[in-house]
Amino acid sequence: RGATWSNMGLAHMAKGEYDKAIQCYEAALAEPGYEQSGATWSNLGLAWAAKQDLANAIACYQRALADTSYQSPGKAWYGMGNAYSAQERYEQAVECYLSALKDPSFDQVGAASARLGEAYRLLDDPDRAIAQLQRALSDPQYTARGEACHTMGLAYADKGDHSEAIAHFQEALEDPD
């Protein structure tokens with residue numbers, strides 16, 4: 001029954017029905033013997049984050065990470081990094097993104113690298129920002145290329161290298177997405 005509740009939560013998330021998704025995930029977690037609690041806590045964190053309740057989202061991601069049998073901790077680290085970033089707590093976001101990138105099963109390397117680059121830029125570390133944004137752009141699965149190029153342009157502008165900034169802003173404008 002826990003898996004059914006959790007899958008129904010996923011369907012509600014896909015429809016943008018976050019309150020219903022939260023109810024389903026909580027029902028899954030209440031099922032005795034439910035063995036996928038790490039993934040469900042992480043999904044519950046996503047639902048709370050979608051509702052902009054970042055404190056609850058972070059608490060859920062922490063619960064996901066406490067599950068030693070959770071097979072995809074990078075997802076929880078990434079979600080928690082996004083929540084911290086939304087709270088402008090960039091130091092904590094950096095730590096979370098770095099932890100996500102250490103998970104060999106984590107499949108959003110480009111996205112996490114781009115978010116890490118953005119956090120580094122906001123922490124006034126443009127060189128690390130540029131390195132992470134280049135890593136994001138080298139990931140063939142990463143699709144938000146224009147956004148990464150724009151952020152890289154900002155990082156080069158922060159360094160005072162306006163020619164490189166312009167080149168990356170132009171590249172961002174050329175991205176069809």
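Taking a 6.0 Å sphere around CD of Glu26, one finds it holds more than 12 heavy atoms contributed by other residues, nucleotides or ligands. Atom CD of Glu174 is surrounded by more than 12 heavy atoms from other residues, nucleotides or ligands within 6.0 Å. Within a 6.0 Å sphere centred on CD of Glu35, heavy atoms belonging to other residues, nucleotides or ligands number 12 at most. Applying the 6.0 Å contact sphere to CZ of Arg89 captures more than 12 heavy atoms from other residues, nucleotides or ligands.
The nearest pair of heavy atoms linking Leu54 to Ala86 is CD1-CB, 3.6 Å. Closest heavy-atom contact between Ala136 and Ala114: CB-N, 3.7 Å. When every heavy atom of Ala28 is checked against every heavy atom of Ser6, the shortest pair comes out as CB-N, 3.8 Å.
Rounded to the nearest 0.5 Å, atoms CD (Glu171) and CE (Met152) are 7.5 Å apart. Taken to the nearest 0.5 Å, the OH atom of Tyr84 stands 11.0 Å off from the CD atom of Glu95. Rounding to the nearest 0.5 Å places OH of Tyr25 at 11.0 Å from SG of Cys60. Taken to the nearest 0.5 Å, the CZ atom of Arg63 stands 9.5 Å off from the CG atom of Leu44. The distance from the OG atom of Ser42 to the CG atom of Asp67 is 11.0 Å, given to the nearest 0.5 Å. Atom CD1 of residue Ile130 and atom OH of residue Tyr156 lie 4.0 Å apart, to the nearest 0.5 angstrom.
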Taking it one step at a time, do Leu133 and Arg121 satisfy side-chain contact (heavy atoms from CB on, under 4.5 Å)?
CA-CA 10 Å; Leu133 292 160; Arg121 191 188 80 74; over 6 Å; no
Report task. Run the numbers on Glu118 and Arg115 for salt bridge (Lys or Arg N to Asp or Glu O under 4.0 Å), then give the verdict. Result -> CA-CA 5 Å; Glu118 180 180 359; Arg115 297 302 303 264; 3.6 Å; yes
List the steps and the verdict of side-chain contact (heavy atoms from CB on, under 4.5 Å) for Asp158 and Asp124.
-> CA-CA 8 Å; Asp158 292 343; Asp124 297 321; 5.6 Å; no
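In this structure, Phe106 and Tyr78 have tilted ring planes: the angle between them lies in the 30° to 60° band.
Judged by distance alone, with hydrogens and angles left aside, the side-chain atoms of Ser85 form no donor-acceptor pair with the main-chain N or O of Ala119 at under 3.5 Å. Of the possible polar contacts, none joining the Tyr120 side chain to the Tyr90 backbone as a donor-acceptor pair under 3.5 Å is found. A distance-only check finds a donor-acceptor pair linking the side chain of Tyr97 to the backbone of Asn82 [under 3.5 Å]. Side-chain N or O atoms of His168 include one that pairs as donor or acceptor with a backbone N or O of Glu164 at under 3.5 Å.
With contacts defined as side-chain heavy-atom distances shorter than 4.5 Å, the pair Ile58/Gln87 qualifies. Between Lys51 and Asn56, every side-chain heavy-atom pair lies at or beyond the 4.5 Å cut-off. Here the side chains of Asp103 and Trp77 are not in contact, with every heavy-atom distance at 4.5 Å or above. Between Asp127 and Lys159, the closest side-chain pair of non-hydrogen atoms falls below 4.5 Å. Side chains of Cys149 and Phe169 form no contact here, defined as non-hydrogen atoms less than 4.5 Å apart.
Both Trp41 and Leu65 are assigned to one and the same hydrophobic cluster, defined by single-linkage of ILVMFWY side chains at heavy-atom distances under 4.5 Å. Both Tyr61 and Met13 sit in one connected hydrophobic cluster of ILVMFWY residues. Membership requires side-chain heavy atoms under 4.5 Å apart, directly or through other members.
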